[in-house]
Amino acid sequence: MRAFFVIASAGLLISCGVVGTPVAPELIGVAPTIAKQKRQHAIEAERQATESAEPDPTLGGHEMDLPPSQPVGIR
């Protein structure tokens with residue numbers, strides 16, 4: 001029983017305190033999250049703009065318009 005008490009108290013003492021490195025308050029909250037998302041969207045928009053300017057090499061210069069995907073009939 002004494003061993004259990006020693007192990008339990010040691011576990012509780014180890015778990016008390018700082019878990020990780022401190023985080024600056026400027027990095028927590030809604031405003032930094034929104035700013036981060038705006039940067040990601042801007043990067044994705046630039047990437048899509050450069051990708052859309054280049055033709056798809058898998059098409060081989062042949063573009064084909066496909067009919068819209070709609071159900072033919074209903075059972």
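Atoms considered below: every heavy atom in the structure, side chains included; atoms not considered: hydrogens, waters and symmetry mates.
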Side-chain donor/acceptor pairs under 3.5 Å, residues 1-10, sequence neighbours excluded:
from	atom 1	to	atom 2	distance (Å)
Ser9	OG	Phe5	O	3.0
Ser9	OG	Val6	O	3.0

Fellow cluster residues of Val30, listed by chain then number, with links counted only when side-chain atoms sit under 4.5 Å apart =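 Direct or chained contacts put Val30 with Ile34.
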task = Output all residues satisfying side chain to side chain contact (heavy atoms under 4.5 Å, CB included) with Glu26, sequence neighbours left out; order by chain, then residue number.
result = Ala24
